[in-house]
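Numbering starts at 1 and runs along the sequence shown.
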Amino acid sequence: MDKIKIIGGNQLNGKIYISGAKNAALPLVCSSLLTSDEVTLKNVPQLSDITFLNSLLKNLGVKINESTKLHDSQIIKAFSYRADDIKELIAPYDFVRKMRASYYVLGPLLSRFKHAELSLPGGCAIGARPIDIHLSSLEQMGANIEIKNGYVVADAPSGLHGSHIIFSKASVGATCNILMAAALAEGITKIENAAKEPEIANLIDLLNGMGARIEGKDTSILTIEGVKKLHGTEISVVPDRIEAGSYAVAAAITHGKIELINARAEHLQQPLRILEKMGIGVEEKNSSIIIDGVGKHIIGEDIYTDYYPGFPTDLQAQFMALMTIADGASLVTESIWENRFMHVPELCRMGANINIHGHASAIVRGVKKLSGAPVMATDLRASFALVLAGLVAEGETIVNRVYHLDRGYERLEEKLKGVGANIERIRESD
Ligand code: EPZ
């Protein structure tokens, strides 16, 4: 398994191009199942999660064409999907086990083909991750759902119908699944307490571009008037706010200055304000953000993760890495996932001073320096936090289990090398 080796201490300066968002691309890809026409997605990040979801769609019978073009000297990928000859209505265990977001096929398949089977996703490193809200909402829309041999077996012989659904939690995944299902359902669906993440807005734009009738974008109440048929269209994947936030911390932690090209400041308001409170310079431009940590004194600050537009749970670990070398104490409260402090013991092995209280809170007391060590993380964002710690630590850090990073950070070493990091991938075939 590949590893990443980092020699810490370099100040990072320059520009980093922000890719399309993984968490936006995944439901967009599955929306292509709603029509027999071609749906084209531009600015798709080159990530193992996308490759993986594409192979699931191919398995269902979707034809996929890939193209690349050069923009701002960046290779930008586009994929065209045509679901005009679907042969399978099953997302098997082997796919769902490797990638939970495979559950995004459930809403579109059930809505268009009246039947779908999905291996029930289990928990994962960050929590139990139930999908009860997805399932009960589909039941409210007329689906008959059974759990058989570890599979969700969903039928809607006379099709799905509109319903008034109130989510108990503002779930990103359930909002996407029900939006896709409701687009082809008969009548009007109203979702209350819907998620408002920018990735949802991207999905609404795609679905409306396909002929859906969805109102309430960027609000927690979405109204979907079902249509009989959707057609092809094309759309760009929104820039990845979590990738941008992760590299913002890379600039701050190394006391460097990085311009995040193609980043959308409006999607990162809470994290940018926290960076400013921590003493870091932030300049918001039209289509970029400049993060300036040069000569800055980094001060501890508290964060509380919450649904968008609150502080994103997907940046909690990266900000905690920054807090480890800040002056003073920081309190981190994780309100979304029940087990998202797996990076803490690894950061402590590098010299950080962090105490976890219960499941949801951690106190970080800043230390003067971190020291390099072999480390490993159990999820994507925690792995990036260890890379950040490695960038500022004295000596060598080896980050194991790089496959987590490959799921969500496009060309990570190349991007960090480009701004001056001493980082390389050690390829190992075992
Ligand atoms: C999405 O996960 C993201 N994944 C996650 O990013 C992100 O952490 C999360 O949203 C929160 O922002 C993708 O977009 C692929 P949820 P999702 O449904 O949709 C509870 C990353 O690092 N819940 O919004 O699975 C759930 O347990 C990943 O890129 C139920 O109780 O998250 C959690 O406490 C990790 N029942 C809360 O809601 C349900 O049926 C929010 O989960 C669904 C969710």
Side-chain angles (χ1 to χ4, degrees), residues 10-18 21 196-198 218 238-336 343 347 352-354 361-368 370 381 384-385 387-389 391-392 415-416 419-421:
N10 289 6
Q11 186 188 53
L12 303 189
N13 290 301
K15 296 180 180 193
I16 293 182
Y17 189 93
I18 300 305
K196 291 184 288 193
E197 271 71 0
D218 297 325
V238 71
D240 194 325
R241 64 196 165 98
I242 305 300
E243 188 198 25
S246 304
Y247 288 122
V249 178
I253 204 167
T254 64
H255 292 278
K257 184 172 178 181
I258 297 179
E259 181 167 9
L260 306 163
I261 308 290
N262 201 31
R264 299 246 181 106
E266 71 268 27
H267 294 163
L268 270 169
Q269 283 301 301
Q270 278 267 1
L272 294 178
R273 297 297 78 79
I274 297 285
L275 280 177
E276 282 177 335
K277 284 187 181 169
M278 294 182 82
I280 303 299
V282 173
E283 191 185 335
E284 300 181 12
K285 301 176 101 184
N286 265 350
S287 58
S288 76
I289 309 170
I290 299 173
I291 305 295
D292 188 358
V294 179
K296 303 289 197 298
H297 179 73
I298 304 174
I299 310 151
E301 178 58 37
D302 299 347
I303 59 170
Y304 178 93
T305 67
D306 210 344
Y307 300 102
Y308 187 84
F311 189 94
T313 171
D314 293 346
L315 283 175
Q316 180 256 107
Q318 300 88 317
F319 271 68
M320 191 186 280
L322 180 60
M323 291 161 181
T324 64
I325 54 131
D327 189 4
S330 309
L331 174 65
V332 177
T333 309
E334 172 58 54
S335 84
I336 305 290
H343 42 286
L347 288 171
N353 179 351
I354 309 171
S361 299
I363 294 189
V364 187
R365 293 186 174 85
V367 295
K368 292 240 168 330
L370 299 176
R381 312 301 172 186
F384 198 93
V387 169
L388 290 166
L391 289 171
V392 76
K415 288 188 184 189
L416 282 172
V419 289

**Message:** Is there a side-chain contact between Lys257 and Ile290 in this structure, where contact means two heavy atoms from C-beta onward sitting under 4.5 Å apart?
**Reply:** yes
**Asked** What closest approach, in Å, do Ile298 and Ala252 show between heavy atoms, and which atom pair accounts for it?
**Response** CD1-O, 3.5 Å
**Distance (rounded to the nearest 0.5 Å) between Leu388 CG and Leu322 CG** = 8.5 Å
**Request:** Check whether any side-chain heavy atom of His267 lies under 4.5 Å from a side-chain heavy atom of Glu197, and answer yes or no.
**Result:** no
**Prompt:** Any side-chain heavy atom of Ile354 within less than 4.5 Å of one from Ile363?
**Reply:** no
**Message:** Suppose the criterion is salt bridge (charged side-chain N to carboxylate O under 4.0 Å, His left out): which pairs have a residue in residues 240-254, not counting sequence neighbours?
**Reply:** Glu199-Arg241, Glu243-Lys415
**Asked** Can you list the steps and then say if Val392 with Leu370 is a side-chain contact (heavy atoms from CB on, under 4.5 Å)?
**Response** CA-CA 7 Å; Val392 76; Leu370 299 176; 4.0 Å; yes
**Asked** Residues in side chain to side chain contact (heavy atoms under 4.5 Å, CB included) with Asp327, at least two apart?
**Response** His297
**Residues in side-chain hydrogen bond (donor to acceptor under 3.5 Å, both in side chains) contact with Asn13, at least two apart in sequence or another chain** = Gln11
**Request:** Carefully, step by step, assess Gln270 and Asp306 under the rule side-chain contact (heavy atoms from CB on, under 4.5 Å).
**Result:** CA-CA 10 Å; Gln270 278 267 1; Asp306 210 344; over 6 Å; no
**Message:** For the CD1 atom of Ile16 and the OG atom of Ser288, what is their distance to the nearest 0.5 Å?
**Reply:** 12.5 Å
**Request:** Report yes if the side chains of Asp292 and Ile280 come closer than 4.5 Å at any heavy-atom pair, otherwise no.
**Result:** no
**Asked** Taking side chain as C-beta onward, heavy atoms only, is Asn10 less than 4.5 Å from Leu391?
**Response** no
**Request:** Tell me, please, which residues at least two apart from Ser361 pass side chain to side chain contact (heavy atoms under 4.5 Å, CB included).
**Result:** Leu331, Thr333, His357
**Request:** Apply side chain to side chain contact (heavy atoms under 4.5 Å, CB included) to Glu284 and list each qualifying residue two or more places apart in sequence or on a separate chain.
**Result:** Ala265, Gln269, Leu272, Arg273, Val282
**Asked** At what distance, to the nearest 0.5 angstrom, does CZ of Arg264 lie from OG of Ser287?
**Response** 9.0 Å
**Item:** Gap separating the CG atom of Asp302 from the NZ atom of Lys277, nearest 0.5 angstrom
**Value:** 9.0 Å
**Message:** Would you say that Ile261 contacts Ile18 through its side chain, given a criterion of any heavy-atom pair below 4.5 Å between the two side chains?
**Reply:** no
**Message:** Tell me which pairs pass side-chain hydrogen bond (donor to acceptor under 3.5 Å, both in side chains) where either residue lies in residues 313-326, with sequence neighbours left out.
**Reply:** Ser246-Gln318, Thr313-Glu334, Thr313-Arg340, Asp314-Arg340, Gln316-Glu334, Gln316-His343, Gln318-Tyr409
**Message:** Within this structure, what is the CG-OG1 distance for the pair Leu12 and Thr254, rounded to the nearest 0.5 Å?
**Reply:** 3.5 Å
**Request:** Can you sort out the partners of Lys15 under salt bridge (charged side-chain N to carboxylate O under 4.0 Å, His left out), two or more places apart, ordered by chain and number?
**Result:** none
**Complete:** What one should report as the nearest heavy-atom pair of Pro312 and Thr305 is O-CG2, 4.3 Å
**Message:** Suppose the criterion is ring pair (Phe, Tyr, Trp, His ring centres under 6.0 Å): which pairs have a residue in residues 307-328, not counting sequence neighbours?
**Reply:** Phe311-Phe319
**Asked** Is there side-chain contact between Glu259 and Glu283, with heavy atoms separated by less than 4.5 Å?
**Response** no
**Fill in**
Of all heavy-atom pairs linking Gly300 and Ala326, the shortest is N-CB, 3.6 Å
**Message:** Applying side-chain hydrogen bond (donor to acceptor under 3.5 Å, both in side chains), can you list everything that pairs with Glu301, at least two apart in sequence or on another chain?
**Reply:** none
**Message:** Per the ring pair (Phe, Tyr, Trp, His ring centres under 6.0 Å) rule, what does the pair list look like for residues 242-262, sequence neighbours excluded?
**Reply:** Tyr247-Phe384
**Message:** If you define the side chain from C-beta out and look only at heavy atoms, does anything of Leu268 sit under 4.5 Å from Leu315?
**Reply:** yes
**Pair listing, salt bridge (charged side-chain N to carboxylate O under 4.0 Å, His left out) test, anchored in residues 317-326, at least two apart** = none
**Message:** Under the rule for side chain to side chain contact (heavy atoms under 4.5 Å, CB included), what residues qualify as partners of Ala248, not counting sequence neighbours?
**Reply:** Leu260, Leu275, Ile291
